[in-house]
Amino acid sequence: MRLSRYFMPILKENPKEAEIVSHRLMLRTGMIRQQSQGIYSWLPLGKRVLDKVNAIIREEQNRAGAIELSMPTLQSAELWQESGRYEDYGKEMLRIRDRQDRPMLYGPTNEEMITDIFRSSVKSYKSLPLNLYHIQLKFRDEIRPRFGTMRSREFLMKDAYSFDLTQADAIHSYNKMFVAYLRTFDRLGLRAIPMRADTGPIGGNHSHEFIILADTGESEVYCHKSFVDFDIPAADTDFDSVDGLQSVFDKWTSVYAATSEMHDEAAFGTIPEGDRLSARGIEVGHIFYFGTKYSEPMGAKVQGPDGKEHLVHMGSYGIGPTRLVPAIIEASHDENGIIWPASVAPFDAVVINMKPGDEACDTTCDRLYVALQNAGKDVLYDDTDDRAGTKFATADLIGVPVQVIAGPRAVAAGEVELKDRKTGARETLTIEAAINKLT
Ligand SMILES: Nc1ncnc2c1ncn2[C@@H]1O[C@H](COS(=O)(=O)NC(=O)[C@@H](N)CS)[C@@H](O)[C@H]1O
């Protein structure tokens with residue numbers, strides 16, 4: 001992408017309304033724009049990151065056997081009256097009426113809708129286990145939306161829903177998502193700690209929040225510091241192994257971890273002082289087992305092997321992609337701007353032409369731009385006539401992992417300078433060597 005033809009409205013100054021670094025940087029880099037309170041547009045640079053986050057979420061959901069679909073944002077009130085949850089969300093639920101004056105709502109979550117889809121066509125235990133998910137906008141009329149898209153009113157959620165014949169089977173489905181979440185957050189460059197959690201309006205009695213440690217997090221968390229050394233389940237994990245996944249769950253829940261709602265000071269106190277960690281954290285995912293809470297009132301049942309009808313046991317599993325983007329920034333930035341993990345960077349490299357109009361610089365940059373793109377790399381080519389200082393500041397601000405700097409002197413010698421955004425390390429290479437290194 002040539003910067004001279006892109007749309008990336010960089011702000012020179014720190015916007016005064018931004019209270020935390022991720023909100024500040026997402027505004028300054030032109031990643032998002034607030035349209036109204038708690039409601040945002042994702043501008044091109046932000047959209048690229050959001051799409052990469054969603055791609056990783058999708059890969060790990062699919063690896064765990066979940067099947068993607070897409071449900072609408074608008075829901076009929078009847079479904080929520082069936083489940084008895086129509087009032088549970090209180091003022092957070094945005095209620096609307098259509099032209100026929102039918103009561104509808106902008107969905108805060110989709111347990112009722114997915115149960116309706118299930119009950120309309122699944123009749124036999126032979127169709128189980130089943131896990132259906134989508135990545136879709138939700139609306140919760142938060143009384144105090146803040147911190148940009150970290151706590152917004154309209155937000156994207158990956159929400160998955162599992163259906164099983166028995167509680168034991170449902171716990172295995174829960175463990176599949178538990179493992180998928182550990183892998184997902186690791187691939188996003190985050191260390192998320194699963195913590196026993198309160199279930200709130202979703203319900204049930206078995207639930208874990210996945211919290212990443214960050215000084216600006218809204219959650220207060222307490223845990224054993226050994227979490228930071230636990231191995232992440234491998235890509236070839238056998239998701240059909242009940243014992244295998246249970247042992248991963250047992251390991252990751254074997255040491256103390258709790259949010260303030262579930263914290264037990266006495267238990268925490270038994271941990272040696274040096275091994276205790278209490279910090280602020282950001283909830284990036286939350287999973288629930290809630291048995292027949294929805295299948296019973298909505299009559300979602302299958303014929304079992306015994307020929308009898310059985311209400312299905314369910315769970316739901318949420319991740320917040322539009323919260324993950326700022327969470328990654330909170331965990332990975334410095335005084336010059338964002339430092340994107342390679343897995344979600346909006347571009348793999350930024351080619352900086354220090355002297356547009358100079359024949360050698362233009363030719364070199366065009367060659368790099370074409371070669372890297374032909375190798376499948378996402379490249380931003382700063383071909384603007386901004387001053388050098390501005391070019392470097394922009395490249396550092398938007399946090400692309402590698403800067404390829406083409407200055408007239410280096411180019412005259414057939415060389416370019418590479419700068420690693422995370423470490424600041426610089427090296428001068430021939431153009432050929434630079435292309436080979438980056439592809
Ligand atoms: N206001 C919000 N802004 C941004 N992300 C949010 C917001 N509320 C929730 N999320 C994200 O959505 C995830 C799931 O939300 S939740 O309420 O915990 N769970 C559910 O809604 C269940 N139905 C899971 S499918 C949270 O872990 C968080 O990452």
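Numbering of residues begins at 1 and proceeds along the displayed sequence. In each ligand, atom 1 is the first atom listed, and ligand 1 is the first ligand listed.
Here's the thing with Gly320: one of its N/O atoms is less than 3.5 angstrom from an N/O atom of ligand 1. Ligand 1 has a nitrogen or oxygen under 3.5 angstrom from a nitrogen or oxygen of Ser152. Looking at ligand 1, you won't find any N or O of Arg151 less than 3.5 Å from one of its N or O atoms.
Within the listing of ligand 1, atoms 22 (C), 23 (N) sit less than 4.0 angstrom from a heavy atom of Glu111. Atoms of ligand 1 found under 4.0 Å from any heavy atom of Tyr317, numbered from 1 in the order shown, are 24 (C), 25 (S). Short contacts between ligand 1 and Asp159, defined as distances under 4.0 Å to a heavy atom of the residue, involve ligand atoms 25 (S). In summary, the atoms of ligand 1 found under 4.0 Å from a heavy atom of His286, numbered by their order in the structure, are 18 (O), 27 (O). Here is the list of ligand 1 atoms found below 4.0 Å of a heavy atom in Glu142: 1 (N).
Between His263 and Tyr256, the side chains place a donor N or O and an acceptor N or O closer than 3.5 Å (distance only, hydrogens not considered). Side-chain polar atoms of Ser241 and Asp243 form no donor-acceptor pair below 3.5 angstrom. Under 3.5 Å, the side chains of Arg2 and Tyr369 contain no donor-acceptor pair of N or O atoms. For the 3.5 Å distance criterion, the side chains of Glu154 and Tyr106 qualify, holding a donor opposite an acceptor. Between the side chains of Tyr133 and Asn62, at least one donor-acceptor pair of N or O atoms lies under 3.5 Å.
The only member of Val49, Val21, Leu25, Ile398 that meets side-chain contact (heavy atoms from CB on, under 4.5 Å) when paired with Ile338 is Leu25.
Atom 28 (C) of ligand 1 has its closest protein heavy atom at Arg323 NH1, 3.6 Å. For atom 19 (N) of ligand 1, the nearest non-hydrogen atom of the protein is Phe288 CE1, 3.5 Å. The protein heavy-atom contact nearest to atom 27 (O) of ligand 1 is Glu283 OE2, 2.4 Å. Closest protein heavy atom to atom 8 (N) of ligand 1: Phe155 CZ, 3.5 Å. Nearest protein neighbour of atom 24 (C) of ligand 1, counting heavy atoms only, is Gly318 N, 3.3 Å.
The closest non-hydrogen atom to atom 16 (S) of ligand 1, taken over Arg140, Arg153, Glu209, comes from Arg140. With atom 14 (C) of ligand 1 as the reference point, the heavy atom nearest to it among Met157, Lys138, Met150 is part of Met157.
Under the 6.0 Å distance and 45° angle rule, Arg140 does not count as a cation-pi partner of Tyr89.
Here Thr109 has side-chain heavy atoms under 4.0 Å from ligand 1, and that is the only part of it that gets that close.
If you look at Tyr289 and Tyr174, their ring centroids are not closer than 6.0 Å. Aromatic pair Phe210/Phe178: centroids less than 6.0 angstrom apart.
At least one side-chain heavy atom of Met113 sits less than 4.5 Å from a side-chain heavy atom of Pro72.
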